[in-house]
Amino acid sequence: MPKPFLTLDDIDVRGKRVLVRADLNVPVRDGKVTDATRIERLAPTIEALLAKGAAVVVMSHFGRPKGADPKLSLRPVLPALRTALGGREIAFAEDCVGPPAERVVKALRPGQVALLENLRFHPGEEENSLEFARALAALGEVYVDDAFSAAHRAHASIAAIAELLPAAAGRSMEAELDALAAALDHPDRPVMALVGGAKVSTKLDLLRFVIGKVDCLAIGGAMANTLLFAQGVAVGRSLCEHDMADNARRLVALAAERGCRLILPEDAVVAPQLAAGVATQSVSVGAVGPDMMILDIGAKTVGRIEAALDDAKTLVWNGPLGAFETPPFDRGTAAVAKKVAALTRAGHLRSVAGGGDTVAALAAAGVSDQLSYVSTAGGAFLEWLEGRELPGVAALAAAARRG
Ligand code: 3PG
Ligand code: MG
C-alpha cells in the first residue's frame, strides 16, 4: 500500500540543508534529561540524512513558555542529543530565527548538525504564523517532520512550514504512522482495544471512535467504575463520575449497536484507601462495600481479558487498568501487559500502545520493548484514537499530493 506521505527515501537531500522538526520536549530535572526515549528515536532520522549528504538543522519546542524564557532553553538537551548521535558535535543557535540562526546555519557543512533554540520563544510558532514559518523555512531547503508527538498542534514549524518547502516524514514519524495505520486503518481482525485511566469524561470521543472500529473493547481503571455505576452497580467510595452515567449508558448501547463486545470488570481489588501496602480484598463487582474503593481489576477480569487477547490479532492499548503507581494495585495492569508481551513475542498479536501513563505502566511491568509499537506521544496518540485529523499528519499528506 503506498504511504500517504513522502519519506526520507523519496527526497533528494545531497548537499542541502534539511530542517528537521523534532519533539525534544523531554523530561529534564536539575538540568539533565531524565528520559531520552524521544531523542533516541530521533537519532536514526538525523543519521540517515547525514549519510545522504545533508546538513541537518534540528528544531523543537520545549515546555510551554510565554515568550523567551531562559528556564525553558533547549540547551540542556544538547548533551543527550549529542550522546544519541554517537558523540557528534552539535552547533547551537541562541535563537531559532533571525541573525543567530542564520549565522549557525550558514556555517553548517554537509554531515554537520545544528540545534535551534526553543521555537515557542516566538509567539508566531503557536499562532501558525506564515511569516514565522517563512523565517524558519529560510534556514533550509527541505523540511522533515519527525515529531509525531507534536502532530496534534497546528503550529508554524509543523503546519505552515510544510507548505513552503518539500516535506517528508522522518523515520520515527514514518514508523509511528505505519504502526497506527496497521492497528486501526487496515488491521488484522479481530481487533481489540484496552482502555483505562481515571475518567470517562476525558475519553468520551475516544471511546465512541474506538467502539466503531474494534471488535472487542475491554475497559479498566477508574473509568470502568463509572460504567458499572451507570448500570446500577454499587461502587462504594471508588473514583466515579456520577454525572457521566447517561453518557456511560449511551456508550454501552453504542457498543451493542456496533457489534463491539464490551468487557467490563466482573471482579475488583478493593481497599479502604489508596495507599501502598494497605489490606486489600478481592470481591465481585456486585459486592463492593460502602467504605471500599475499587483500585484494580480482579483476577477473573484479568482472565477474561487474557482470553480475549488470545483470540485477538491486533491490540490498541491506552490507559492503565488500575492504580498502577501504588502497589499492589499494579497487578492487573502488569498481568495483562505480560500477556500482551508474550502474545506479541510469539507472533500472535500486533500490539500498539500509547499515552503517558500507559508507557509508564508498561515500563513498570518491564515489557516496554516487547510490544509491536509503543508510542511516545501523549496528546497526539489520544487525538489519533479519537479519529481526529492531526495537523502535522495532514500537512505531510498535502505535501505528498503536491509532489
Ligand atoms: C508532548 O510532550 O505531549 C508534546 O511535546 C506536545 O507538547 P504540548 O502539549 O505542550 O503541545
Ligand atoms: Mg502534552
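Sequential numbering from 1 along the given sequence is applied to the chain's residues. All ligand and atom numbering here is 1-based and tracks the order in the structure. Quick note: numbers below take in every heavy atom, side chains included, and nothing from hydrogens, waters or symmetry partners.
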Those atoms of ligand 1 less than 4.0 Å from some heavy atom in R38: 1 (C), 2 (O), 3 (O), 5 (O)
Can you name the atoms of ligand 1, numbered from 1 with element, that are less than 4.0 Å from a heavy atom of D23? 4 (C), 5 (O)
Which is closest to atom 11 (O) of ligand 1 in terms of heavy atoms, E126, H155, R153? R153
So if I count the atoms of ligand 1 from 1 in the order they appear, which ones are less than 4.0 Å from some heavy atom of R64? 8 (P), 9 (O), 10 (O)
When you measure from the centre of the six-membered ring of F92, is the NZ or CZ of R82 closer than 6.0 Å and no more than 45° off the axis? no
Near S149 (heavy-atom distance under 4.0 Å), the atoms of ligand 1 are 4 (C), 6 (C)
Donor-acceptor side-chain pairing of R29 and T34 below 3.5 angstrom: no
Run the numbers for me: atoms of ligand 1, each under 4.0 Å from some heavy atom of H61, listed by number. 4 (C), 5 (O), 6 (C), 7 (O)
Does ligand 1 have an atom under 4.0 Å from some heavy atom of A150? no
Which heavy atom in L295 sits nearest to a heavy atom in A271, and how many Å separate them? CD1-CB, 3.9 Å
May I ask you to check whether over 12 heavy atoms, not counting those of K300, lie within 6.0 Å of atom NZ? no
Under 3.5 Å, is there a donor on one side chain and an acceptor on the other for Q370 and T344? no
Distance in Å, F229 CZ paired with L239 CG, rounded so as to fall on 0.5 Å steps: 13.0 Å
What atoms of ligand 1 come closer than 4.0 angstrom to any heavy atom of R120? 8 (P), 10 (O), 11 (O)
